[in-house]
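Positions are given from 1, in the same order as the sequence printed here.
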Amino acid sequence: MPNTGRFITFEGGEGAGKSTNVQMLKEALEDCGKTVVATREPGGSLGAEEIRKLLVDGSVDRWDAMTEALLHFAARRDHAERVIRPALARGDWVISDRFVDSTMAYQGYGHGLGREPIEILHSLAIGDLRPDLTILLDLAVEAGLGRAGARGDDESRYERMADGFHQRLRDGFLDIAGREPARCVVIDAACELAAVQADIRAAVSDRLAVSLP
Ligand code: TMP
């Protein structure tokens, strides 16, 4: 089999444990001999990290929904062109903490822009780049916001949005996963970390024909 790269994304609401699990999966894949690029959105390239600062900090209403979606896509295009596509072309495996499903869930469902504008923006800005596998870490809103609040970082703009917003995006993520079962795996992030990590390794092994212990 040719040494083709694979693109895996982690998705979920606030405090679902994505960054811990991105790191775990990166190490597990490296133990299997893969070269892995772990990255994140918004961010992951120099320009996109600059745009990230505009999105995660400041007043909740500093952007209207469409401006916010455009900023996420501006960041994503830079990230895709400069980091994700070159890594996949080298045959590396790419794991991204968030990708387009976050824009669909947060701006499409959460802010109410709807699915179609996000699909159109994706196709204009990003074209055909889609994950091979998306792991959705699903967690009740209250539990997630509790974990995220305990982290106490400065990047709290989305955490400060209303509970109704967070419920819409959780439902949105589940709807996205239900529409694309071949790409998406939903994992219960309320379980013990060891069980969540075992589920993730099993999903990657099953779906991407790699044997993770
Ligand atoms: P993070 O906390 O997972 O690093 O993500 C930063 C915030 O950005 C998080 O609250 C979710 C939000 N976000 C969107 O609203 N739309 C997007 O497209 C992405 C990638 C993130």
Side-chain angles (χ1 to χ4, degrees), residues 9-23 38-84 95-122 124-126 131 134-177 189-190:
T9 57
F10 278 82
E11 297 284 4
E14 307 302 313
K18 293 177 287 79
S19 47
T20 308
N21 288 305
V22 165
Q23 196 52 38
T39 186
R40 69 167 182 181
E41 292 201 344
S45 63
L46 283 177
E49 290 289 334
E50 289 295 313
I51 297 170
R52 177 185 178 94
K53 294 179 195 153
L54 301 173
L55 285 158
V56 298
D57 197 11
S59 67
V60 159
D61 60 357
R62 75 184 285 191
W63 309 114
D64 83 312
M66 180 54 86
T67 310
E68 199 172 288
L70 291 167
L71 285 168
H72 279 292
F73 273 109
R76 180 163 304 127
R77 173 151 181 110
D78 194 65
H79 183 214
E81 293 303 303
R82 291 170 195 260
V83 175
I84 302 175
I95 310 174
S96 186
D97 181 339
R98 301 193 182 282
F99 191 62
V100 69
D101 296 320
S102 280
T103 320
M104 185 61 89
Y106 279 74
Q107 283 69 48
Y109 291 77
H111 286 326
L113 279 182
R115 294 185 55 85
E116 200 185 352
I118 307 298
E119 280 163 1
I120 292 169
L121 289 173
H122 182 91
L124 272 174
I126 315 295
T134 294
I135 295 166
L136 171 58
L137 296 178
D138 179 52
L139 186 62
V141 168
E142 207 173 291
L145 288 176
R147 285 188 196 173
R151 223 163 38 202
D153 57 27
D154 299 335
E155 300 189 326
S156 64
R157 179 168 167 262
Y158 285 95
E159 288 162 36
R160 285 183 268 119
M161 292 184 186
D163 284 1
F165 171 79
H166 290 280
Q167 190 59 53
R168 285 194 295 283
L169 72 88
R170 182 192 186 194
D171 296 342
F173 273 129
L174 291 170
D175 188 51
I176 293 164

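A donor-acceptor contact under 3.5 angstrom links the side chains of Ser45 and Asp78, judged on distance only.
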message = Assess the residue pair Arg147 and Leu139 against the criterion (side chain to side chain contact (heavy atoms under 4.5 Å, CB included)); give the C-alpha distance rounded to whole Å, side-chain angles, the decisive distance to 0.1 Å, and a yes or no.
response = CA-CA 11 Å; Arg147 285 188 196 173; Leu139 186 62; 3.8 Å; yes
inquiry  = I'd like to know whether His122 forms a side chain to side chain contact (heavy atoms under 4.5 Å, CB included) with Met104, so could you lay out the CA-CA distance, the side-chain angles of the two residues, the decisive distance to 0.1 Å, and finally the verdict.
reply    = CA-CA 10 Å; His122 182 91; Met104 185 61 89; over 6 Å; no
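Shortest non-hydrogen contact noted between His166 and Glu159 is NE2-O, 3.8 Å. Taking all atoms of both residues into account, the shortest heavy-atom contact from Ala148 to Gly15 is CB-N, 4.0 Å. Heavy-atom minimum distance, Gly13 versus Arg98: O-NH2, 3.7 Å. Nearest heavy-atom pair, Arg77 versus Ala125, reported as atom, atom and distance to 0.1 Å: NH1-O, 2.8 Å. Here the closest heavy-atom approach between residue Glu41 and residue Ile84 is recorded as OE2-CD1, 4.5 Å. When all heavy atoms of Gly43 and Ala48 are compared, the closest pair comes out as O-CB, 3.4 Å.
Surrounding CG of Asp163 are at most 12 heavy atoms belonging to other residues, nucleotides or ligands under 6.0 Å away. Residue Arg157 places its CZ atom among more than 12 non-hydrogen atoms of other residues, nucleotides or ligands, all under 6.0 Å distant.
Residues Arg40 and Lys18 have side chains not in contact (no heavy-atom distance under 4.5 Å, counting atoms from C-beta outward). Side-chain contact between Ile135 and Glu11: absent, with no pair of heavy atoms (C-beta onward) separated by less than 4.5 Å. Between Phe173 and Asp138, the closest side-chain pair of non-hydrogen atoms is not below 4.5 Å. Side-chain contact between Leu70 and Trp63 is absent, with no heavy-atom pair separated by less than 4.5 Å. A 4.5 Å side-chain heavy-atom check between Leu136 and Leu174 finds at least one atom pair inside the cut-off. Side-chain contact between Leu55 and Tyr106: absent, with no pair of heavy atoms (C-beta onward) separated by less than 4.5 Å. Annotation: side chain of Ile126 is not in contact with side chain of Val100 (no heavy-atom distance under 4.5 Å).
Looking only at distances, no side-chain donor or acceptor of Arg160 sits under 3.5 Å from a matching main-chain atom of Ser59. Of the possible polar contacts, none joining the Asp57 side chain to the Lys53 backbone as a donor-acceptor pair under 3.5 Å is found.
Ring pair Tyr158/His72 is tilted by interplanar angle, where 30° to 60° counts as tilted.
In this structure, CD1 in Ile51 is found 12.0 Å from NE2 in His79, a value given to the nearest 0.5 Å. The OG atom of Ser156 sits 11.5 Å away from atom CG of Leu145, with the distance rounded to the nearest 0.5 Å.
Under the 6.0 Å distance and 45° angle rule, Arg168 does not count as a cation-pi partner of Phe165.
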Tell me which donor-acceptor pairs under 3.5 Å the side chains of residues 111-118 have, and how far apart each pair is, sequence neighbours excluded?
{"from": "His111", "atom 1": "NE2", "to": "Glu68", "atom 2": "OE2", "distance (Å)": "2.9"}
{"from": "Arg115", "atom 1": "NH1", "to": "Tyr109", "atom 2": "OH", "distance (Å)": "2.8"}
{"from": "Arg115", "atom 1": "NH2", "to": "Glu119", "atom 2": "OE2", "distance (Å)": "3.0"}

